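Here's the structure we're looking at; comments come further down.
All chains are named by letter (A, B, ...) in the order of the sequence lines, taking the proteins before the strands, and each is independently numbered beginning at 1. The figures that follow rest on heavy atoms only: side chains count, while hydrogens, waters and symmetry mates do not. Since the structure is predicted, the reported quantities are computational estimates derived from the model, not experimental observations.
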Protein chains: 2
Amino acid sequence: MAKSATRTPVWKSIAITLIDDIAQGRYDTGTKLPAEAQLAERFGVNRHTVRRALADMAEQGLVHARRGAGVFVAAKPTDYPVGKRIRFHQNIRRAGRVPSKKVLRLEVLAADAREADALDLEPGDPVVVYEGLSYADDHPVALARTVFPAERLPGILDALEAHESITAALNACGVEDYTRRETRITAKLATATQALHLRTSEGAPILRTTGISDDANGTPIEFGRTWFAGDRVTLTVGDD
Amino acid sequence: MAKSATRTPVWKSIAITLIDDIAQGRYDTGTKLPAEAQLAERFGVNRHTVRRALADMAEQGLVHARRGAGVFVAAKPTDYPVGKRIRFHQNIRRAGRVPSKKVLRLEVLAADAREADALDLEPGDPVVVYEGLSYADDHPVALARTVFPAERLPGILDALEAHESITAALNACGVEDYTRRETRITAKLATATQALHLRTSEGAPILRTTGISDDANGTPIEFGRTWFAGDRVTLTVGDD
DNA sequence: ATGTATTATTTGTCTAGTTGTATAGGACAT
DNA sequence: ATGTCCTATACAACTAGACAAATAATACAT
């Protein structure tokens with residue numbers, strides 16, 4: 001019976017309601033919102049109207065949708081220091097969060113030209129490829145692909161399997177210390193799979209760092225690329 | 001607003017990545033790929049999405065799944081030498097595969113301007129048009145359209161019908177040897193029918209070669225165009 | 001040593017639910 | 001007339017979980 005003066009569109013009022021629900025803590029970060037169909041029923045509108053509201057919220061970076069899975073409340077931003085000594089667990093803990101990791105891939109493969117060049121190997125030499133996801137408070141922060149020279153670090157495969165931290169694994173292989181020789185930072189757009197891992201959307205801005213680490217003797221022992229969700233992570237350089 | 005995902009389906013990009021891994025030699029022929037569950041983790045998708053990618057690769061003949069055992073690399077992209085002496089059966093056999101062919105078309109027609117020019121004929125002169133599919137291990141490798149000068153090669157029609165190999169058919173017509181005068185290579189996108197024959201998808205990259213072969217006297221005896229599935233074949237030029 | 005259960009792993013198949021996209025149309029304000 | 005808002009429907013793409021079937025690895029009895 002409302003006169004429907006069209007002051008504010010229905011979708012906008014739905015978005016405001018949902019944003020308030022999130023602000024009130026009714027939906028915690030990282031949790032799934034009710035399905036679009038359920039929200040449509042709750043507000044008594046068509047599903048597309050709910051989608052319009054969710055699209056607005058997604059544009060603001062408040063939520064993120066995963067096809068087939070649901071719509072999730074986005075995570076809070078994180079500061080990540082980049083310097084000579086990059087230690088993920090330390091970095092996250094310093095920010096008052098709980099770090100964790102997940103191994104996505106751990107294989108011995110043949111080095112390609114770029115990897116061989118960085119690690120001072122011949123193309124085709126065996127390298128251990130490690131791909132993993134880093135979490136802060138169970139929210140994905142970084143996607144990393146790291147390559148180690150297999151012959152220079154005997155036992156590195158087992159060590160990486162056994163230890164949570166890369167630092168610990170390298171220690172077990174006799175590398176007491178290692179430092180970043182150089183780190184390069186560029187901006188990219190998320191590919192489909194990167195977006196899935198980092199819980200952002202394809203085409204979203206991504207910070208990519210490329211780095212080489214040496215052991216105490218200056219021998220390269222690690223070549224890695226890391227992708228950060230650009231709108232959720234701030235890289236900081238300076239105090240270390 | 002970032003353009004939404006689904007420009008290319010996720011499963012397709014996964015297939016492309018895995019095909020590239022195989023092409024780069026990171027997964028050798030005959031070896032087992034990581035389990036579907038592991039690949040799903042690595043790419044951050046559901047197992048069914050990986051299965052979709054693997055199904056696509058299996059259709060192309062690149063992998064082969066054995067229930068309970070795993071998914072195995074069936075074939076590496078084929079190296080196909082391009083040079084003075086192009087012999088399909090030899091080329092495939094040299095790669096350790098079993099060659100076979102299928103005739104799609106075999107007719108006597110009047111030469112068009114381009115064919116006449118290439119074969120040093122007059123437009124309208126009779127030519128034998130041969131269109132066929134070439135297989136390696138029962139997987140399509142190349143789609144070819146070859147034109148022969150009918151009057152210069154009496155009996156070529158019957159010979160092509162009788163013999164599997166073009167070389168054998170030409171031998172039967174008194175051509176003991178023939179060499180490529182020139183080969184031109186370009187990249188195209190697969191049309192629907194080409195994709196169907198080569199068991200790839202429409203719009204996939206296609207290598208097209210155009211060539212003229214001469215007999216020992218330097219007389220042109222064959223004008224042909226061949227289409228290769230770009231992601232399954234590597235043309236090599238050089239040692240011959 | 002050899003054969004045999006047993007267990008774990010892996011692919012195949014099925015059902016159900018969710019988001020993404022495309023199309024079509026009605027109501028309404030400017 | 002034109003554009004915005006909303007409804008309605010259908011299908012594609014992806015997730016999620018469960019179970020069956022085939023295989024491989026392991027332990028164990030003989």
So, applying side-chain contact (heavy atoms from CB on, under 4.5 Å) with A:Leu39, which one of A:Val45, A:Val71, A:Ile14, A:Val50 is it?
A:Val50

Please determine which of B:Arg42, B:Arg67, B:Arg52, B:Arg51 meets the salt bridge (Lys or Arg N to Asp or Glu O under 4.0 Å) test together with B:Glu36.
B:Arg51

Judged by atom type as modelled, is there a donor-acceptor pair below 3.5 Å linking the side chain of A:His139 to the main-chain atoms of A:Ala75?
no

Rounded distance in Å - CD (A:Glu36) to P (C:dT19):
4 Å

A:Arg199 has an atom CZ; how far is it from atom C1' of D:dC14, in whole Å?
13 Å

Would the distance check show the side chain of B:Arg87 and the main-chain N or O of B:Ile166 forming a donor-acceptor pair, the cut-off being under 3.5 Å?
no

What is the separation between atom NZ on B:Lys32 and atom P on D:dT23, rounded to the nearest whole Å?
14 Å

Residues passing the side chain to side chain donor-acceptor pair (under 3.5 Å) test with A:Glu107, sequence neighbours excluded, are A:Arg105, B:Tyr27

Atom CZ of A:Arg51 and atom C1' of D:dC5: how far apart are they, to the nearest Å?
16 Å

Value in whole Å for how far the C1' atom of D:dT15 lies from NE2 of A:His197
14 Å

Applied to residues 145-156 of chain A, the side chain to side chain donor-acceptor pair (under 3.5 Å) test, sequence neighbours excluded, yields A:Glu115-A:Arg145, A:Glu131-A:Arg145

Which of D:dC6, C:dT19, C:dT10 is nearest the side chain of A:Val10? It is D:dC6

Is there a side-chain contact between B:Trp11 and the phosphate of D:dC14, meaning an N or O under 4.0 Å from OP1 or OP2?
yes

Heavy-atom nearest pair, B:Phe72 first then B:Gly30, reads CD2-O, 3.6 Å

Tell me whether the OP1 or OP2 atom of D:dC5 has a side-chain N or O from A:Thr49 closer than 4.0 Å.
no

What's the CZ-C1' distance between A:Arg52 and D:dT7, to the nearest Å?
16 Å

Could you tell me the separation between the CZ atom of A:Phe72 and the P atom of C:dG20, rounded to a whole number of Å?
11 Å

Checking D:dT7, D:dC14, D:dT23 against the side chain of B:Arg66 (C-beta onward), the nearest is D:dT23

May I ask you to verify if any side-chain N or O of A:Gln38 is less than 4.0 angstrom from the OP1 or OP2 atom of C:dG17?
no

Send over the distance from A:Leu39 CG to C:dG17 C1', rounded to a whole Å.
15 Å

5' to 3', nucleotides 17-22 of chain D under a 4.0 Å protein heavy-atom cut-off (B base, S sugar-phosphate only, - none) gives B---BB

